Amino acid sequence: MSKPIIYFLCTGNSCRSQMAEGLGRQLLGDEWEVHSAGIEAHGVNPKAVEMMDEVGIDIRDQQSAVIDRDLLNRASLVITLCGDAKENCPVTPPNVETDHWGLVDPAKAEGSEEEVNQVFREVRDDIKHRIESLKNHK
């Protein structure tokens with residue numbers, strides 16, 4: 001039997017959804033097939049790569065992609081990570097469960113490098129805690 005699919009969606013598939021994909025694969029990998037995509041594909045943000053390295057997860061080989069309708073329609077759970085994705089996500093079939101996490105965009109963080117890093121860390125850690133709560137979800 002195939003694993004249920006979880007699909008993380010965001011605007012550019014560069015930060016939040018990439019971190020969610022990496023964390024999801026590490027935390028849910030044996031039980032879920034984990035993917036991410038965006039309304040657009042902006043490439044994987046180097047700061048997201050750096051902040052994931054801090055927790056021992058390498059997302060360098062992940063690809064930034066636009067939403068795949070076939071994958072969207074086969075997903076068990078679709079989670080939008082920002083308002084733009086929630087508003088612009090293609091309609092999902094009734095059998096696909098959806099959730100919206102509405103996370104801050106760390107790519108828009110301003111301040112010193114340490115302040116920007118802190119925003120990325122907070123978003124990463126928030127995603128981790130939310131994914132951990134999905135472990136028993138099916």
Side-chain angles (χ1 to χ4, degrees):
M1 188 170 143
S2 62
K3 297 179 192 179
I5 297 169
I6 186 168
Y7 207 11
F8 293 104
L9 305 179
C10 207
T11 303
N13 192 219
S14 67
C15 291
R16 292 165 284 193
S17 52
Q18 290 291 338
M19 290 191 291
E21 180 180 345
L23 286 160
R25 285 186 175 169
Q26 182 189 56
L27 299 170
L28 306 170
D30 291 340
E31 299 177 25
W32 289 85
E33 183 179 326
V34 181
H35 298 275
S36 71
I39 305 300
E40 304 167 350
H42 294 168
V44 180
N45 184 298
K47 186 63 73 176
V49 172
E50 180 185 339
M51 294 300 106
M52 293 300 288
D53 278 346
E54 285 187 352
V55 294
I57 300 172
D58 185 355
I59 63 171
R60 283 172 186 77
D61 292 334
Q62 290 180 190
Q63 301 296 312
S64 183
V66 294
I67 296 170
D68 177 317
R69 283 189 182 272
D70 178 58
L71 190 56
L72 183 73
N73 292 335
R74 291 186 297 117
S76 300
L77 177 60
V78 172
I79 299 176
T80 52
L81 303 174
C82 65
D84 187 43
K86 182 180 180 187
E87 293 168 17
N88 295 299
C89 179
V91 175
T92 54
N95 62 306
V96 176
E97 185 180 347
T98 59
D99 196 2
H100 177 67
W101 291 355
L103 305 170
V104 179
D105 185 354
K108 293 183 178 174
E110 296 180 350
S112 68
E113 182 173 358
E114 188 50 41
E115 289 168 330
V116 170
N117 287 350
Q118 189 56 36
V119 173
F120 269 86
R121 287 182 187 113
E122 288 169 4
V123 171
R124 176 199 65 205
D125 295 346
D126 187 9
I127 292 168
K128 179 182 180 199
H129 294 304
R130 290 172 187 253
I131 290 174
E132 285 172 337
S133 73
L134 294 174
K135 281 186 175 182
N136 297 319
H137 179 95
K138 276 197 184 180

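These numbers were taken from a predicted model, which means no experiment stands behind them.
- Under a 4.0 Å N-O distance rule, the pair Lys3/Glu31 does not qualify as a salt bridge.
- Residues Leu9 and Ile67 have side chains in contact (heavy-atom distance under 4.5 Å, counting atoms from C-beta outward).
- Salt bridge annotation for Glu33-Arg74: absent, with no cationic side-chain nitrogen under 4.0 angstrom from a carboxylate oxygen.
- Under the ring-ring contact (aromatic ring centres under 6.0 Å, His included) criterion, Phe8 pairs with Trp101, not counting sequence neighbours.
- Not one N or O on the side chain of Arg124 forms a donor-acceptor pair closer than 3.5 Å with the backbone of Met19.
- Heavy atoms only, all atoms of each residue included: Phe120 and Pro106 are closest at CE1-O, 3.2 Å.
- Contact of the Val119 side chain with the Glu110 side chain is not registered, since no non-hydrogen atoms from C-beta on lie closer than 4.5 Å.
- Of all non-hydrogen atoms in Cys10 and Cys82, the two that sit nearest each other are SG-SG, 3.6 Å.
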Can you check side chain to side chain contact (heavy atoms under 4.5 Å, CB included) on Tyr7 and Leu72, steps first, answer last?
CA-CA 7 Å; Tyr7 207 11; Leu72 183 73; 4.0 Å; yes
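- Asp105 contributes atom CG, which lies 6.0 Å from atom SG of Cys15 (distance to the nearest 0.5 angstrom).
- Within 6.0 Å of atom CD in Glu54, more than 12 heavy atoms from other residues, nucleotides or ligands are found, so the atom counts as buried in its surroundings.
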What's the verdict on side-chain hydrogen bond (donor to acceptor under 3.5 Å, both in side chains) for Asn13 and Gln18, showing C-alpha distance, side-chain angles and the deciding distance?
CA-CA 6 Å; Asn13 192 219; Gln18 290 291 338; 3.1 Å; yes
One pair to check against side chain to side chain contact (heavy atoms under 4.5 Å, CB included): Ile5 and His35. What are the steps and the verdict?
CA-CA 8 Å; Ile5 297 169; His35 298 275; 3.8 Å; yes
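- Residue Leu27 holds its CG atom at 10.5 Å from NE2 of His129, rounded to the nearest 0.5 Å.
- Taking CE from Met52 and CD1 from Ile59, the interatomic distance works out to 5.5 Å, rounded to the nearest 0.5 Å.
- Distance check: Asp53 CG to Lys47 NZ gives 11.5 Å after rounding to the nearest 0.5 Å.
- Nearest approach of Asp68 to Leu71, heavy atoms of both residues: OD1-N, 2.9 Å.
- Rounded to the nearest 0.5 Å, atoms CG (Leu23) and NZ (Lys128) are 7.5 Å apart.
- Contact annotation: the side chain of Ile6 approaches that of Leu134 to within less than 4.5 Å [non-hydrogen atoms, C-beta and beyond].
- Across every non-hydrogen atom of Ser36 and Ser17, the tightest pair is CB-O, 3.3 Å.
- Taken together through direct or relayed side-chain contacts under 4.5 Å among Ile, Leu, Val, Met, Phe, Trp and Tyr, Val55 and Leu81 form part of one hydrophobic cluster.
- Atoms CG and CD1, on Asp99 and Ile79 in that order, are 5.5 Å from each other to the nearest 0.5 Å.
- Counting only distance, with no hydrogens or angles, the side chain of Ser64 and the backbone of His42 share a donor-acceptor pair below 3.5 Å.
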Given the rule in the side chain to side chain contact (heavy atoms under 4.5 Å, CB included) test, do Arg60 and Val44 qualify, once you have shown the distances and angles that lead to the verdict?
CA-CA 8 Å; Arg60 283 172 186 77; Val44 180; over 6 Å; no
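- Under 4.0 Å is where a charged nitrogen must lie from a carboxylate oxygen, and between Arg16 and Glu21 no such pair does.
- Counting heavy atoms from C-beta outward, Leu28 and Ile131 have side chains that approach closer than 4.5 Å.
- Between the Asp126 side chain and the Glu122 main chain, no donor and acceptor come within less than 3.5 Å of each other.
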